[in-house]
Colleague: 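Input: one structure, supplied below.
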Amino acid sequence: MSNHKNTVKEGEQSEQLFCTECFVKMEYTVSRPISTSDYDFVVDVNNKLLKVQVKSSRRQCDGGDRNVMICKGTNAVKSGKQGKYPYPEDSVDFFAIHDVNNQEWYIIPRSATGDAKQIRLSKGEGKYSKYKNNFEFKS
């Protein structure tokens with residue numbers, strides 16, 4: 001068995017956990033697009049359809065904070081690709097961020113992240129703390 005981390009598989013596991021939280025615990029209807037899109041799921045919250053992009057993170061900084069990439073694109077700038085860039089403002093309503101190590105969720109409105117490609121989740125009180133376990137999808 002390899003010690004190499006499979007980040008794609010870890011991301012897929014976070015997506016399944018997100019669906020369980022929304023569908024089983026919150027009793028929301030959850031849909032998944034059948035084609036490539038900027039969002040992973042559409043969640044029906046009180047008859048409002050919300051586009052949600054799920055991200056996960058294990059990367060820990062000094063002090064226990066977490067840095068989370070919330071961007072699109074690739075690192076392959078040398079190949080002529082655009083590189084990493086923020087999700088267009090109207091393409092995603094919320095980021096559902098799974099802090100894998102602490103098994104915590106942050107449901108953050110896209111409007112709160114601006115054009116950031118990366119955000120920091122603070123172990124203590126921080127900018128995004130109010131969105132911890134925000135499964136009511138409040139802005």
Side-chain angles (χ1 to χ4, degrees):
M1 180 148 178
S2 170
N3 286 336
H4 178 70
K5 290 185 176 136
N6 185 336
T7 56
V8 171
K9 185 174 182 177
E10 288 175 358
E12 290 169 345
Q13 289 169 340
S14 290
E15 288 176 1
Q16 292 303 314
L17 289 169
F18 174 76
C19 280
T20 299
E21 289 286 330
C22 287
F23 180 66
V24 175
K25 292 185 179 176
M26 300 302 294
E27 299 184 2
Y28 297 144
T29 298
V30 180
S31 303
R32 177 173 233 151
I34 59 171
S35 63
T36 303
S37 65
D38 284 344
Y39 52 90
D40 293 316
F41 300 101
V42 174
V43 182
D44 186 340
V45 180
N46 301 320
N47 293 317
K48 185 171 183 183
L49 301 179
L50 302 171
K51 298 176 282 188
V52 181
Q53 173 59 235
V54 178
K55 298 291 186 181
S56 62
S57 179
R58 291 183 177 272
R59 295 189 327 175
Q60 186 169 337
C61 305
D62 292 338
D65 290 355
R66 299 253 181 256
N67 280 337
V68 183
M69 298 301 291
I70 57 165
C71 55
K72 293 183 54 115
T74 176
N75 286 326
V77 176
K78 290 180 185 175
S79 67
K81 303 278 185 191
Q82 182 174 1
K84 295 204 179 287
Y85 57 97
Y87 281 86
E89 212 170 319
D90 61 350
S91 69
V92 174
D93 296 312
F94 283 85
F95 291 106
I97 301 172
H98 185 207
D99 177 348
V100 176
N101 293 355
N102 294 314
Q103 287 302 307
E104 295 175 339
W105 285 95
Y106 292 80
I107 313 299
I108 303 172
R110 164 62 178 87
S111 60
T113 63
D115 285 335
K117 295 183 219 172
Q118 176 175 290
I119 62 171
R120 181 173 284 217
L121 302 177
S122 299
K123 185 175 179 183
E125 287 300 311
K127 180 176 182 178
Y128 301 105
S129 298
K130 66 182 175 182
Y131 301 113
K132 189 174 180 180
N133 297 315
N134 182 29
F135 281 97
E136 292 81 25
F137 291 86
K138 293 179 183 171
S139 294

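The shown structure was predicted, so the numbers you read here are calculated from the model rather than taken from an experiment.
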Colleague: How would you list all residue pairs meeting salt bridge (charged side-chain N to carboxylate O under 4.0 Å, His left out) that involve residues 18-31, not counting sequence neighbours?
Modeller: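 Matches after skipping sequence neighbours: Glu21-Lys25.
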Colleague: Consider only side-chain heavy atoms of I, L, V, M, F, W and Y, link residues closer than 4.5 Å, and tell whether Ile107 and Leu50 are in one cluster.
Modeller: yes
Colleague: Linking I/L/V/M/F/W/Y whenever their side-chain heavy atoms sit closer than 4.5 Å, directly or via other members, would Phe94 and Phe135 fall into one cluster?
Modeller: yes
Colleague: Would you say Val42 ends up clustered with Ile97 if hydrophobic residues are merged whenever their side chains have heavy atoms under 4.5 Å apart, either directly or through other cluster members?
Modeller: no
Colleague: Measure across Ser122 and Gly126 and return the closest heavy-atom pair with its distance rounded to 0.1 Å.
Modeller: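 Scanning both residues, the minimum pair turns out to be OG-CA, 3.7 Å.
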Colleague: Can you pull the salt bridge (charged side-chain N to carboxylate O under 4.0 Å, His left out) pairs that have at least one residue in residues 105-114, sequence neighbours excluded?
Modeller: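 Residue pairs passing salt bridge (charged side-chain N to carboxylate O under 4.0 Å, His left out), neighbours aside: Arg110-Asp115.
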Colleague: Are Val68 and Phe95 connected in the hydrophobic side-chain network, where two residues link if heavy atoms are under 4.5 Å apart?
Modeller: yes
Colleague: Can you list the residues that meet the side chain to side chain contact (heavy atoms under 4.5 Å, CB included) rule with Lys130, with sequence neighbours excluded?
Modeller: none
Colleague: Name all pairs fulfilling the side chain to side chain donor-acceptor pair (under 3.5 Å) condition that reach into residues 30-43, sequence neighbours left out, sorted by first residue then second.
Modeller: Glu15-Arg32, Asp38-Lys72, Asp38-Ser91
Colleague: Answer yes or no: are there more than 12 heavy-atom neighbours, outside Asn46 itself, under 6.0 Å from its atom CG?
Modeller: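 Open.
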Colleague: Assess, by modelled atom type and distance only, whether the side chains of His98 and Glu104 contain a donor and an acceptor separated by less than 3.5 Å.
Modeller: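 No, because no side-chain N or O of His98 sits under 3.5 Å from a partner of the opposite role on Glu104.
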Colleague: Taking ring pair (Phe, Tyr, Trp, His ring centres under 6.0 Å) as the definition, give me every residue that meets it alongside Phe18, ordered by chain and number, with sequence neighbours left out.
Modeller: Phe41, Trp105
Colleague: Let me confirm one number: the CG-CD distance from Asp93 to Gln53, rounded to the nearest 0.5 Å.
Modeller: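 Answer for the CG-CD pair, Asp93 versus Gln53, is 12.0 Å.
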Colleague: Within the structure provided, determine whether Lys127 and Arg120 are in side-chain contact (heavy-atom separation under 4.5 Å).
Modeller: no
Colleague: Is there a path from Ile70 to Leu121 through hydrophobic residues (I, L, V, M, F, W, Y) whose side chains come within less than 4.5 Å of each other?
Modeller: yes
Colleague: Please indicate whether Gln103 has more than 12 foreign heavy atoms, meaning atoms of other residues, nucleotides or ligands, lying under 6.0 Å from its CD.
Modeller: yes
Colleague: What distance separates Cys71 SG from Lys55 NZ, expressed to the nearest 0.5 Å?
Modeller: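 If I round to the nearest 0.5 Å, the distance is 6.5 Å.
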Colleague: What residues, two or more places apart in sequence or in another chain, satisfy salt bridge (Lys or Arg N to Asp or Glu O under 4.0 Å) together with Glu12?
Modeller: none
Colleague: Is the side chain of Lys51 donor-acceptor paired with the backbone N or O of Asp90 at a distance under 3.5 Å, no angle test?
Modeller: yes
Colleague: Nearest 0.5 Å, please: how far is CG in Asp99 from OG in Ser14?
Modeller: 9.5 Å
